[in-house]
There are 2 protein chains.
Amino acid sequence: MTDLPDIADELPPDRSLGFQVRRCHRAFDRVLNAQLAREGLASGFWYFLRALWQENGATQKRLAQLNNVTEPTAVAMLRAMDGLGLIERVRNAEDRRKVNVFLTPRGEALRGALTPHARRINAVAGEGVSARDLETCLRVLKKMSDNLAAEAARLADAPLR
Amino acid sequence: MTDLPDIADELPPDRSLGFQVRRCHRAFDRVLNAQLAREGLASGFWYFLRALWQENGATQKRLAQLNNVTEPTAVAMLRAMDGLGLIERVRNAEDRRKVNVFLTPRGEALRGALTPHARRINAVAGEGVSARDLETCLRVLKKMSDNLAAEAARLADAPLR
DNA sequence: CGATCAGACTTAGATAGCTAAGTATTTTAT
DNA sequence: ATAAAATACTTAGCTATCTAAGTCTGATCG
């Protein structure tokens, strides 16, 4: 029992991927919010708008999946966006359980204004980091997300343990 | 105007660090919550407990900084933890603006139960990734956090733009 | 055909984060 | 010495997320 294991047991924030991902997420979110506020938008809209620019007419479930949020979160967000006239929700005629979401001209128009912000934020974040290291980070983040999603599913399956 | 520039302009989620950090954060958070729920705790407590295990007696402001949350968030969390008997808050006698936060025996005792979970979650996340790539990711995440924090400060300083 | 199961959306209520503004205390600068 | 500024905490109220449970619609199976 030297003192080194003790230090290791503490799992200091600097050495914890979970902590650093959390910190980085909040940093991104703050800047994104600051930028969107200048366009008069709340930050939550961004992710849904982007999904719709790629897949206009997607169902709410699909949009939730694309954004990695739950369906109630998507419902709340889309209702707010509907209220602002950014999107329209239309009940699907063939399968009346579904609701398809379409951009209004106003929602479509935000694309030109917002995309440069997103590109800029990513550029600022990556300043001083080599392209190669950024690629590695991107790849590791995806892998970790997948690993953790699998673990979450495992935990949900095993009710007691 | 070929079709390639268009694709690039879309900044697809797969290529966006902001998006991947967000997704990874949510994945970590879900697993952490699932684990803590088994100990009867809400996930927000984890970060404050860990900070106190390292710096028992820290002020609320210090705890907020250590966790990268705002002071109101810290206040709310610490009040809840106080209510559960995990911590005690004592007004500082020398500078009565400050409140020092101390772990109760009960809060101290959670350390043994919770730390293994955190270590395990980090281990699961990093499965199948080389130690070297994990180091790179850690380093890039810290750098991006710093870059974005500086940008946030810049944006706050420049009220109009 | 009818009952049950599954799917997509919704509602209700909780949690954790934020900003903006307020209070009490200490420090700084006339 | 006192007015002004800064600091630490708090309050109030908003946003985005979650889980659990409910409603309607469609699919399956005896």
Side-chain angles (χ1 to χ4, degrees), chain A residues 22-38 40-49 58-65 67-84 89-101 152 155-156 159, chain B residues 22-23 25-38 40-49 58-65 67-84 89-101 149 152 155-156 159:
Chain A
R22 172 181 150 106
R23 170 163 133 82
C24 194
H25 161 66
R26 195 134 47 238
F28 265 107
D29 203 49
R30 276 191 193 131
V31 174
L32 181 60
N33 263 298
Q35 292 286 6
L36 290 181
R38 294 169 181 224
L41 292 175
S43 92
F45 295 175
W46 161 255
Y47 297 99
F48 287 93
L49 284 173
T59 63
Q60 297 192 165
K61 182 186 177 69
R62 171 70 178 154
L63 290 171
Q65 285 171 343
N67 284 319
N68 275 288
V69 297
T70 60
E71 289 184 56
T73 298
V75 166
M77 210 50 67
L78 292 168
R79 179 177 359 195
M81 292 169 72
D82 197 343
L84 289 178
R89 289 181 293 171
V90 312
R91 185 65 67 172
N92 185 301
E94 289 178 8
D95 184 341
R96 299 189 37 72
R97 289 173 302 184
K98 299 181 179 172
V99 172
N100 294 98
V101 180
L155 288 172
Chain B
R22 173 182 150 103
R23 172 163 133 83
H25 161 67
R26 193 128 53 235
F28 265 107
D29 202 50
R30 274 191 195 131
V31 174
L32 181 61
N33 263 299
Q35 294 285 8
L36 290 181
R38 294 170 179 221
L41 292 175
S43 92
F45 296 174
W46 161 254
Y47 297 99
F48 287 93
L49 284 173
T59 64
Q60 298 192 166
K61 182 185 177 71
R62 172 71 177 153
L63 290 171
Q65 285 170 343
N67 283 318
N68 274 289
V69 297
T70 60
E71 290 183 56
T73 298
V75 166
M77 209 54 64
L78 292 168
R79 178 175 6 195
M81 292 170 71
D82 197 343
L84 289 178
R89 289 181 293 170
V90 314
R91 184 66 65 173
N92 185 302
E94 289 177 10
D95 184 340
R96 299 189 37 72
R97 289 172 303 183
K98 299 181 180 174
V99 172
N100 294 98
V101 179
L155 288 173

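A, B, ... follow the sequence lines: proteins, then strands. Residue 1 opens every chain. What's counted below: heavy atoms across the whole structure, side chains too, no hydrogens, waters or symmetry copies.
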side-chain contact (heavy atoms from CB on, under 4.5 Å) assessment of Arg26(A) paired with Asn67(B): CA-CA 11 Å; Arg26(A) 195 134 47 238; Asn67(B) 283 318; 5.8 Å; no
Verdict with reasoning, Trp46(B) to Leu36(B), per side-chain contact (heavy atoms from CB on, under 4.5 Å): CA-CA 8 Å; Trp46(B) 161 254; Leu36(B) 290 181; 3.7 Å; yes
side-chain contact (heavy atoms from CB on, under 4.5 Å) between Phe48(B) and Val101(B), intermediate numbers included: CA-CA 10 Å; Phe48(B) 287 93; Val101(B) 179; over 6 Å; no
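With dA8(C), dT19(D), dG17(C) as the candidates, the nucleotide lying closest to the side chain of Arg26(A) is dG17(C). The listed nucleotides are dC9(C), dC9(D), dA12(D); the one nearest the side chain of Val75(B) is dC9(D). Closest to the side chain of Arg96(B), out of dA20(C), dT25(D), dT26(C), is dT26(C). Proximity note for Thr73(B) (side chain, C-beta onward) versus dC9(C), dG17(C), dT19(C): the nearest is dG17(C). Comparing dA16(C), dT25(D), dC18(C) by their closest approach to the side chain of Asp95(A) singles out dT25(D). Residue Arg97(B) places its side chain closer to dT26(C) than to any other of dG26(D), dT11(C), dT26(C). Taking only side-chain atoms of Arg30(B), from C-beta outward, the nucleotide of dC18(C), dC9(D), dC18(D) with the closest atom is dC18(D). Of the candidates dC9(D), dC9(C), dC18(C), dC18(C) carries the atom nearest the Pro72(B) side chain, counting heavy atoms from C-beta on. Residue Thr59(A) has its side chain nearest to dC9(C) when only dC9(D), dC18(C), dC9(C) are considered.
Taking only side-chain nitrogens and oxygens, Arg79(B) comes nearer than 4.0 Å to OP1 or OP2 of dT11(D). At dG17(C), one or more side-chain N or O atoms of Arg22(A) fall inside 4.0 Å of OP1 or OP2 (strictly under the cut-off).
Counting heavy atoms from C-beta on, the side chains of Arg79(A) and Arg89(A) come closer than 4.5 Å.
Atoms CZ (Arg62(A)) and P (dA8(C)) sit 12 Å apart, rounded to a whole Å. Distance, Leu63(B) CG to dC9(D) C1': 13 Å, rounded to whole Å. In this structure, the OH atom of Tyr47(A) is 17 Å from the P atom of dT15(D), given to the nearest Å. When rounded to the nearest whole Å, the span between CG of Asp82(B) and P of dT10(D) equals 10 Å. For the pair Leu36(A) CG and dT19(C) C1', the interatomic distance rounds to 16 Å; values are reported in whole Å. The CZ atom of Arg38(B) sits 14 Å away from the P atom of dT19(D) (whole-angstrom rounding). Look at CG on Leu78(B): it is 11 Å from C1' on dC9(D), rounded to the nearest Å. At whole-Å resolution of the value, CG in Leu41(A) and P in dT15(D) are 13 Å apart.
Nucleic acid contact for Glu71(A): base, since at least one base atom lies under 4.0 Å from a heavy atom of the residue. As judged by a 4.0 angstrom heavy-atom cut-off over every strand, Val69(B) is placed among residues touching the sugar-phosphate backbone only.
Heavy-atom distances to DNA chain D give each of Glu94(A) and Phe45(A) a nearest nucleotide, and the one nearer the 5′ end belongs to Phe45(A). The 5' end of DNA chain C is approached more closely, in terms of each residue's nearest nucleotide, by Arg91(A) than by the other of Arg91(A) and Asn92(B).
Among the candidates Asn68(A), Leu63(A), Leu32(A), the single residue satisfying the side chain to side chain contact (heavy atoms under 4.5 Å, CB included) test with Tyr47(A) is Leu32(A).
Using modelled atom types, no side-chain atom of Asp82(A) and backbone atom of Leu78(A) make a donor-acceptor pair closer than 3.5 Å.
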